Amino acid sequence: QVQLVESGGGLVQAGDSLRLSCAASGRTFVWYTMAWFRQAPGKERDFVAGISASGGSTYYAHAVKGRFTISRDNAVKSLYLQMNNLTPEDTAVYFCAAKFSSGTYDRPGDYRNWGQGTQVTVSS
């Protein structure tokens, strides 16, 4: 099992940047595929970005490709999401998630470990 805690959310203006962090506990972080999802009020939880256990492979939702960058530092058991050129449509609660298996990144049902989420609000 791995426990996840997100941080770094906040209120920003359109065009600004934010960096989200996800701190993991447990000895096996290096074995987990990780991802970021987001959920806006009244909407389903959507995939944002995923990264392989080694960090060698990444995958992005079309809506964020070219603006967001996912990364991880296995030495400090942390996951990151650098978000640039934010728009009001990026407003949501952002969750980090972990799964023990490899393969596709974008199905929330595949992830068994979730953080509590961090709010990102982008004003126009």
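If you're wondering where the values come from, they're calculated on a predicted model, not measured in any experiment.
Cluster annotation: Phe68 and Trp36 are assigned to the same hydrophobic cluster (Ile/Leu/Val/Met/Phe/Trp/Tyr, side-chain heavy-atom contacts under 4.5 Å, transitive). Linking ILVMFWY residues whenever their side-chain heavy atoms come closer than 4.5 Å, directly or via other members, leaves Trp114 and Val48 in distinct clusters.
In this structure, CD1 in Ile51 is found 12.5 Å from SG in Cys96, a value given to the nearest 0.5 Å. Atom CZ in Arg72 sits 10.0 Å away from atom SG in Cys22 (nearest 0.5 Å). Put simply, CG on Asn74 and CG on Leu79 are 9.5 Å apart, with the number rounded to the nearest 0.5 Å. Here Met83 contributes atom CE and Arg19 contributes atom CZ; the two are 11.5 Å apart, rounded to the nearest 0.5 Å. Considering CD1 of Ile70 and OH of Tyr59, their distance stands at 13.0 Å, rounded to 0.5 Å. We find the CZ-CD distance between Arg38 and Gln119 to be 12.0 Å, quoted to the nearest 0.5 Å.
Stacking of Arg45 on the aromatic ring of Tyr111 is not recorded, the 6.0 Å distance cut-off and the 45° axial limit not both being met.
For Pro88 against Ser124, the heavy-atom pair with the smallest separation is CG-CB, 3.8 Å. Of all non-hydrogen atoms in Leu20 and Val120, the two that sit nearest each other are CD2-CG2, 4.0 Å. Leu86 approaches Leu18 most closely through the heavy-atom pair CD1-N, 3.9 Å. When every heavy atom of Ala53 is checked against every heavy atom of Val30, the shortest pair comes out as CB-O, 3.4 Å. The two residues Tyr32 and Ala98 come nearest to each other via the heavy atoms CD2-CB, 3.7 Å. The two atoms that bring Ala49 and Leu81 nearest to each other are CB-CD1, 4.3 Å, heavy atoms only.
Side chains of Phe29 and Ser78 form no contact here, defined as non-hydrogen atoms less than 4.5 Å apart. Between Val2 and Met34, the closest side-chain pair of non-hydrogen atoms is not below 4.5 Å.
No donor-acceptor distance shorter than 3.5 angstrom exists from the side chain of Thr118 to the backbone of Ser7, with no hydrogens or angles considered. A distance-only check finds a donor-acceptor pair linking the side chain of Glu6 to the backbone of Gly117 [under 3.5 Å].
Atom OH of Tyr80 has more than 12 heavy atoms from other residues, nucleotides or ligands within 6.0 Å. When the shell of 6.0 Å around CD of Gln116 is examined, it contains more than 12 heavy atoms from other residues, nucleotides or ligands.
Ser25 and Gln3 form a side-chain donor-acceptor contact under 3.5 Å, judged by distance and modelled atom types alone.
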**Request:** Assess whether ring pair (Phe, Tyr, Trp, His ring centres under 6.0 Å) is satisfied between Tyr94 and Phe37, documenting all intermediate values.
**Result:** CA-CA 6 Å; Tyr94 283 71; Phe37 288 79; over 10 Å; no
**Item:** Asp110 and Tyr105: CA distance, side-chain angles, deciding distance, side-chain contact (heavy atoms from CB on, under 4.5 Å) verdict
**Value:** CA-CA 8 Å; Asp110 290 347; Tyr105 294 104; over 6 Å; no
